[in-house]
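These numbers come from a predicted model, not from an experiment. Atoms within a ligand are numbered from 1 in the order they appear, just like the ligands themselves.
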Amino acid sequence: MNVEQQHYRTIWPDTQTRYVTIIDQTRLPFAFELVRIDSVAAMVTAINTMQVRGAPLIGVSAAYGIALAMNQDTSDAALAMAAQQLLQSRPTAVNLAWAVQRMQTYLTQLPTSLRRDGAWQEVATMADEDVLQNQAIGRHGLVCIQKRYTDKPVQILTHCNAGWLATVDYGTALAPIYAAHDAGIPVHVWVDETRPRNQGASLTAWELAQHGVPHTVITDNAGGHLMQHGQVDMVIVGADRVTRTGDVCNKIGTYLKALAAFDQQIPFYAAVPSPTIDWQIENGLLDIEIEARNPEEVAWIQGLTAQGTIENVRVIPLQSQALNPAFDVTPARLVTGIITEKGVYAPDMLTSLQSH
Ligand code: MRU
């Protein structure tokens, strides 16, 4: 993705020094800042504080965390310790556990003398795979958008940020939107602001603007109203974990959009690379740990002051408590299709993806 005409991925290694650079997503959209990550502990903090976030990027970041650990110590004990630290950083996105396990499996069968180089090679492969998967999601999702195109711009609602910033590049839910825009199909995106951390307002809107895609930021509560008035042609969201039965766990508030879309007979798609599918579980409501984040994220909001500084202000009474579940589960019955790198699947056909 281009930022001010320069191409960036969200994360990249320095092959000489073997540290990693990330874009600090807590500073966007008002400041574009790069941060150097040089240890597994620093990567755990970056994931937990959401300097990097979004399921596919969390996975690749965790894999880089393992590689950083191997810079210091390639023993089995060091590998196990790094894996444990990373697994505890955020629980809901299955990509994290998937990536850590892939690195552990790969490195364990190497002699310790080869683990340092091996780790950096394997994570580079994973990052490139993520980019290719997202490009393929874009191609398959483009067909879904084309089906909704008549003579007016296709109106697409999205929630949270499942764009370039949530992956290594291209994005998942936004990949088909970029593909449509680049193919000359007029699209307009309704961007849910996505309280409490406002990933829609601050990240999705920013990256759509960088790419020149027409969009409008709306409050989280506006989507149902727009659907009732014929102003939404389709919904595309990302996901942090999808069950083998097609239940979709994504940013809190996704379920309400799926309910409204179902009521209005508007297609509702989740766009996910296959590492986001948890083949071990069937029931999204019972089997997925929903991350409970700090209630302070609800009590405080970040913005740009008239003086140009980025500051936090409190938006609830000092005496009030807040609750901050970070994700919810949309049952498969509300989902029209899962857009993957291998094609678009009805939720009840998702298991056939395993054999493709
Ligand atoms: O808490 P976040 O910002 O990591 O949550 C991100 C989301 O919910 C995204 O929609 C999801 O990870 C899909 S990202 C391609």
Side-chain angles (χ1 to χ4, degrees), residues 1 10-11 22-26 28 46-62 89-99 130-131 133-138 141 157-178 189 191-207 220 235-242 248-258 268-278 284 288-294 297-298 302 324-330 335 338-341:
M1 184 60 65
T10 51
I11 189 166
I22 61 166
I23 297 167
D24 184 350
Q25 300 196 22
T26 64
L28 288 170
I47 294 171
N48 187 254
T49 61
M50 295 173 62
Q51 287 180 302
V52 287
R53 29 71 48 208
L57 179 56
I58 289 171
V60 173
S61 300
S89 59
R90 288 194 79 188
T92 302
V94 71
N95 306 61
L96 192 154
W98 170 85
D130 181 68
V131 175
Q133 284 165 346
N134 297 331
Q135 286 174 323
I137 286 171
L157 185 141
T158 193
H159 191 70
C160 194
N161 173 264
W164 161 68
L165 289 164
T167 64
V168 177
D169 206 349
Y170 289 96
T172 57
L174 295 194
I177 292 171
Y178 290 131
V189 186
V191 179
D192 282 354
E193 60 177 346
T194 319
R195 280 281 286 146
R197 292 195 56 125
N198 285 328
Q199 291 97 324
S202 56
L203 304 178
T204 301
W206 180 79
E207 61 165 273
D220 290 324
V235 179
I236 312 180
V237 297
D240 290 80
R241 196 180 291 236
V242 172
V248 172
C249 179
N250 191 47
K251 181 54 57 190
I252 191 84
T254 303
Y255 170 52
L256 291 176
K257 297 302 141 61
F268 179 97
Y269 293 97
V272 301
S274 49
T276 302
I277 303 168
D278 188 341
I288 298 176
E289 179 181 349
I290 300 295
E291 178 180 11
R293 288 196 63 88
N294 191 335
E297 293 181 349
V298 177
Q302 179 175 282
N324 189 11
F327 301 96
D328 63 24
V329 174
T330 297
V335 178
I338 314 273
I339 306 169
T340 75
E341 74 274 16

Completion exercise
From the list Gln199, Arg197, Gln25, Glu207, side-chain hydrogen bond (donor to acceptor under 3.5 Å, both in side chains) with Asn161 holds only for Glu207
Exercise for the section: Starting at CG of Asn134, measure out to CD of Glu341 and round the result to the nearest 0.5 Å. Expected result: 8.5 Å
Exercise for the section: Would you give the length of the straight line joining atom CG of Leu96 to atom CG of Asp240, rounded to the nearest 0.5 angstrom? Expected result: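 Those atoms lie 11.0 Å apart.
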Determine whether the side chain, the backbone, both or neither of [X] has a heavy atom under 4.0 Å from any heavy atom of ligand 1.
| X | value |
| --- | --- |
| Thr276 | neither |
| Arg197 | neither |
| Lys251 | both |
| Pro56 | side chain |
| Ala162 | both |
| Met50 | side chain |

Measure the distance from [atom] to every protein heavy atom, then report the residue, atom name and distance (to 0.1 Å) of the closest one.
| atom | result |
| --- | --- |
| atom 7 (C) of ligand 1 | Asp240 OD1, 3.3 Å |
| atom 6 (C) of ligand 1 | Arg53 NH2, 3.5 Å |
| atom 9 (C) of ligand 1 | Asn250 OD1, 3.4 Å |

Exercise for the section: Using distance alone, with no hydrogens and no angle criterion, decide if Gln135 and Tyr178 have a side-chain donor and acceptor under 3.5 Å apart. Expected result: no
What's the shortest heavy-atom distance between [X] and [Y], and which atoms?
| X | Y | result |
| --- | --- | --- |
| Thr10 | Trp164 | CG2-O, 3.4 Å |
| Pro56 | Pro273 | CG-CG, 4.1 Å |
| Thr26 | Asp24 | OG1-OD1, 2.6 Å |

Practice task
Side-chain contact test, heavy atoms from C-beta onward, threshold under 4.5 Å: evaluate it for Arg53 versus Cys160 and give yes or no.
Solution key: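 In contact.
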List ligand 1 atoms under 4.0 Å from [X], heavy atoms only on the residue side.
| X | value |
| --- | --- |
| Ala55 | 12 (O), 14 (S) |
| Ala166 | 14 (S), 15 (C) |
| Gln199 | 1 (O), 2 (P), 3 (O) |
| Thr172 | 15 (C) |

Exercise for the section: Answer yes or no: is there an ion pair linking Asp278 with Arg241, defined by an N-O contact shorter than 4.0 Å? Expected result: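 Counted as a salt bridge, because a side-chain N and a carboxylate O are separated by less than 4.0 Å.
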Exercise for the section: Answer yes or no for Thr92: is there a heavy-atom contact with ligand 1 below 4.0 Å? Expected result: no
Practice task
Could you tell me if any non-hydrogen atom of Ala239 lies under 4.0 Å from any atom of ligand 1?
Solution key: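 Right, Ala239 reaches ligand 1.
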Practice task
Decide whether a cation-pi geometry holds between Lys257 and Phe268; the criteria are a distance under 6.0 Å from NZ or CZ to the six-membered ring centre and an angle within 45° of the ring axis.
Solution key: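 Negative - Lys257 is either too far from the ring of Phe268 or too far off its axis.
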Problem - N or O pair under 3.5 Å between Ile58 and ligand 1 - result: no
Handout entry: Geometric N/O contact Arg90 with ligand 1, under 3.5 angstrom
Key = yes
